[in-house]
Amino acid sequence: MRGSMIRHLILKDWRLNRMPISLSIVLGLIALLVAQCGVEAVRLLGSVWFFISLCVLGSMLPGVAIVNERKKQTLAFVMSLPVSSVQYTIAKGLSILAMFLFPWLTLLISALVVIETRDDIPHGVIPMLIILAMLPLIGFCIMSAAALVGESEGWLMVASVLCNSSYWFAWYLLARMPSLAANWGRPVAVWNPAAFMVLSSEVGSIALIMAITFFFQSRKRDFI
Amino acid sequence: MTDLATDLAVELRGVSKKYRYFTLDNIHLKLPRGQIMGLIGANGAGKSTTIRILMGLVHQDSGEARVLGHSMPAEQVAAKWDIGFASEDMRLYDSMTLGWHMSFIQSIYSTWDSAYAHLLLKRFGLRADQKIKGLSHGQRVKAALLLVLARKPKLLVLDEPTTGLDPVARHEILRELTNVMADDSRSILFSSHNTQDVEQISDQITFIDRGRIIDSMDKEAYLDRWRRLRLEVPLGIELPALPGIIGVEQQGRLAVATANAFVPDLAQAYESTGAHVQRVENMTLEEIFIANVEHSREEVEA
């Protein structure tokens, strides 16, 4: 035995999916550069592009890394290796989460650096930026869970449509929460109870989605 | 550890699996270590389901499955270190080269034999730097087999490895499987609906049909026990039902009797009724398989 099978499977996924990850980072960084522009309309366009990059990546990765493995019949090759269905799920969950978190964090940190270094952008937007950026992460977890548990492109598409059509509504609702919106224009980031509550709900949702995914995966009797 | 764990590469005891439109019913199967078993069945007979249960990929509803002494699916991880599995519907990663796949498998298995892998590359006419998407079907099958063979598993489980291959590729693969058996501790279980391939290399043969094992024994025993008797039956003579005869087809004065437990006494028994035995013919494995399936279906329907 040479090392953990979970590690081998994670590295395999990373090697196989280098291109979409790199592409999403490049697109996201271009979006951030556009957002640097002084013209308000262009800045807005850059911000929207930034979120769209995260949403597209969140929709694309479960399809490329999970559904394609079944569709292209490479899953049998993976499952012929000394790995159980639960280990496969752990490896797949960790690898795609890392694949998403890498560009997600890169883009988020880049956005925070932009806010930090630009005098004309109030630091009060930081809590809202993080809260809003969590939504594509939750959507990504829902879509990954649908792809893993549903085992089909159909379920992934349903989850993708539901998530992608809900982001704007969720952002609209969050942006209209008085206790959050009131602090946007402040020169410093304000982490009031409302901001903490929303953020902890988001983190809790992710934990719940993961738990449900592992519960269903561990109960599966037919894996291929 | 039971005797199952020591002497048998594979043992299925009363394994059943129910789907909506198909049931694998009470499967019993034994493959001693060091032997090759061919699992023959028509499409949809249950070969792949049986193999998936053996690999722990599908959980049986009831019964016990043990592979190399490991209970499946519970101990599938431990078992799969020593099992090489390839199936007709298994694909490698199109966008990667065969060399990448070789490195991936080598990074996992300490038993990987690089010299043997390169020998197989030559024998199979493959190139390590070629991407999988550029390979023909035959080359893909050989590539998958190379990845399995070069890590020297104790048990090879191959689901329809020769399906869709040209005769040369089939010959190359069967020859390599025969070479594997130079090491008597290794075993092979492979499924096919091509009886010629199975006949060529198997020690043991199992017929499966509609989710049931209908027969399982040594290849030589099959070929010894199954015979076709061509008879001339004079008018007014009625052929008796004899033990060991599973079917008689008569057209006018000519009849063909199929025996699944042939002994020379059978021919004498027909002669004694007044029929004349024109010839006693050996049967090919394909003919035995078809006769066996038809007989089994008649029994089930009756």
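Labels below follow one simple rule: chain letters A, B, ... track the order of the sequence lines, proteins then strands, and each chain is numbered from 1. Computation of the quantities below employed the complete heavy-atom set of this structure, encompassing side-chain atoms and omitting hydrogens, waters and symmetry-equivalent molecules.
Using a 4.5 Å cut-off on side-chain heavy atoms (C-beta onward), F77(A) and L147(B) make contact. Counting heavy atoms from C-beta outward, K220(A) and H59(B) have side chains that stay 4.5 Å or more apart. Between F85(B) and L81(A), every side-chain heavy-atom pair lies at or beyond the 4.5 Å cut-off. By the 4.5 Å heavy-atom criterion applied to side chains, R15(A) and Y93(B) are not counted as neighbours. Looking at S107(B) and H8(A), their side chains come closer than 4.5 Å, going by heavy atoms from C-beta outward.
The two residues V77(B) and S84(A) come nearest to each other via the heavy atoms CG2-N, 3.5 Å. Closest approach of S80(A) to Y109(B), counting heavy atoms only: O-OH, 4.2 Å. D89(B) and Q73(A) get closest at one heavy-atom pair: O-CB, 3.2 Å.
Note that CZ of R7(A) is 10.0 Å distant from CD1 of I108(B), once rounded to the nearest 0.5 Å. With rounding to the nearest 0.5 angstrom, the CG atom of N68(A) is 10.0 Å from the CG atom of D94(B). Summarising the geometry, atom CE belonging to M90(B) is positioned 12.5 Å from atom CE belonging to M79(A); distances are rounded to the nearest 0.5 Å. From K80(B), atom NZ reaches atom CE of M5(A) across 9.0 Å, with rounding to the nearest 0.5 Å.
In this structure, chain A has heavy atoms under 4.5 Å from both the backbone and the side chain of D61(B).
Put simply, the side chain of K12(A) never gets that close to the backbone of F104(B): no donor and acceptor are under 3.5 Å apart.
Environment of CE in M96(B): crowded, with over 12 heavy atoms of neighbouring residues, nucleotides or ligands closer than 6.0 Å. Within 6.0 Å of atom CH2 in W155(A), 12 or fewer heavy atoms from other residues, nucleotides or ligands are found, so the atom counts as exposed in its surroundings.
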